Visitor: 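Please find one structure pasted underneath; my questions will follow.
Please read all numbers here as calculations on a predicted model, not as lab measurements.
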Amino acid sequence: MNKGELVSAIAADAELSNAAAERALNAALDNIKKAVAKGDSVTLVGFGSFGSGKRAARTGRNPRTGETIKIPAAKTVKFSAGQGFKDAVNKKK
């Protein structure tokens with residue numbers, strides 16, 4: 001499912017126009033991004049939690065040349081699925 005298909009599904013389920021469903025989806029995603037970028041976590045009960053983490057600096061290897069390179073430390077995004085999501089994927093009720 002791509003974003004357009006998701007917007008259409010939301011519009012049908014919520015009885016909204018596709019434009020209104022897309023605005024709602026974009027607003028939700030933008031607010032999740034802003035919160036995680038600030039260092040906050042976003043928890044959607046039954047779905048999951050979005051948060052940020054840290055990845056330490058490390059050494060890597062260029063696969064083409066075999067040369068050793070330094071990979072800098074970076075922030076990363078983490079998602080942890082909630083129990084309701086896990087149950088839906090595993091078809092538990």
Visitor: How close do Ser17 and Ala20 get, counting heavy atoms only, and between which atoms?
Guide: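 Answer, listing the atom of Ser17 first, then Ala20: OG-N, 3.1 Å.
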Visitor: What residues, two or more places apart in sequence or in another chain, satisfy ring-ring contact (aromatic ring centres under 6.0 Å, His included) together with Phe85?
Guide: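 For Phe85 the ring-ring contact (aromatic ring centres under 6.0 Å, His included) partners, ignoring immediate neighbours, are Phe47.
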Visitor: Mind jotting down which residue pairs meet the ring-ring contact (aromatic ring centres under 6.0 Å, His included) criterion with at least one end in residues 9-40? Sequence neighbours excluded, please.
Guide: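 Passing the test, one end in residues 9-40: no pairs.
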Visitor: Using atom types as modelled and distance alone, determine if a side-chain donor or acceptor of Arg55 lies under 3.5 Å from a backbone N or O of Ala74.
Guide: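 It does not hold such a pair.
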Visitor: Got a sec, which pairs hit ring-ring contact (aromatic ring centres under 6.0 Å, His included) with one end in residues 15-42, sequence neighbours left out?
Guide: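 Listed by first then second residue: nothing to list.
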Visitor: Not counting sequence neighbours, which residues clear salt bridge (charged side-chain N to carboxylate O under 4.0 Å, His left out) with Lys70? List them please.
Guide: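 Counting only residues at least two positions away or on another chain, Lys70 forms no salt bridge (charged side-chain N to carboxylate O under 4.0 Å, His left out).
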Visitor: Taking only residues two or more places apart in sequence, or in another chain, which ones meet Ser52 in a side chain to side chain donor-acceptor pair (under 3.5 Å)?
Guide: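 Ser52 satisfies side chain to side chain donor-acceptor pair (under 3.5 Å) with no other residue.
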Visitor: Can Phe79 be reached from Val89 by stepping across I, L, V, M, F, W or Y side chains whose heavy atoms are under 4.5 Å apart?
Guide: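 In one cluster with Val89: Phe79, yes.
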Visitor: For residues 3-25, which residue pairs qualify under ring-ring contact (aromatic ring centres under 6.0 Å, His included), counting only residues two or more places apart or in two chains?
Guide: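 Counting only pairs at least two positions apart or across chains, no ring-ring contact (aromatic ring centres under 6.0 Å, His included) contact touches residues 3-25.
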Visitor: Taking transitive links into account, so neighbours of neighbours count too, which hydrophobic residues share a cluster with Leu16 at under 4.5 Å side-chain distance?
Guide: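 Under the 4.5 Å side-chain rule, Leu16 groups with nothing.
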Visitor: Check side chain to side chain donor-acceptor pair (under 3.5 Å) between Lys75 and all other residues, then give those that pass, not counting sequence neighbours.
Guide: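 Partners of Lys75 by the side chain to side chain donor-acceptor pair (under 3.5 Å) criterion come out as none, since no residue qualifies.
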Visitor: Tell me which donor-acceptor pairs under 3.5 Å the side chains of residues 1-14 have, and how far apart each pair is, sequence neighbours excluded?
Guide:
from	atom 1	to	atom 2	distance (Å)
Asn2	OD1	Gly4	N	3.1
Asn2	OD1	Glu5	N	2.9
Lys3	NZ	Asn26	OD1	2.5
Glu5	OE1	Asn2	N	2.9
Ser8	OG	Gly4	O	3.2

Visitor: Going by side-chain hydrogen bond (donor to acceptor under 3.5 Å, both in side chains), name the pairs with one or both residues in residues 29-40, residues two or more places apart or in two chains.
Guide: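 Checked against side-chain hydrogen bond (donor to acceptor under 3.5 Å, both in side chains) - neighbours excluded - no pair reaches residues 29-40.
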Visitor: Applying side chain to side chain donor-acceptor pair (under 3.5 Å), name anything that partners Ser49, two or more places apart in sequence or on another chain.
Guide: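 Expected list: Thr43.
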Visitor: Side chains of Gln83 and Asp87: is there a donor and an acceptor less than 3.5 Å apart?
Guide: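 Checked: Gln83/Asp87 side chains pair up, N/O donor to acceptor below 3.5 Å.
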Visitor: Taking only residues at least two apart or on different chains, which pairs with a member in residues 17-41 satisfy ring-ring contact (aromatic ring centres under 6.0 Å, His included)?
Guide: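 Listed once each, the pairs would be none.
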Visitor: Rounded to the nearest 0.5 Å, how far does CZ of Arg61 lie from CD1 of Ile69?
Guide: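 Ile69 CD1 to Arg61 CZ: 9.5 Å, rounded to 0.5 Å.
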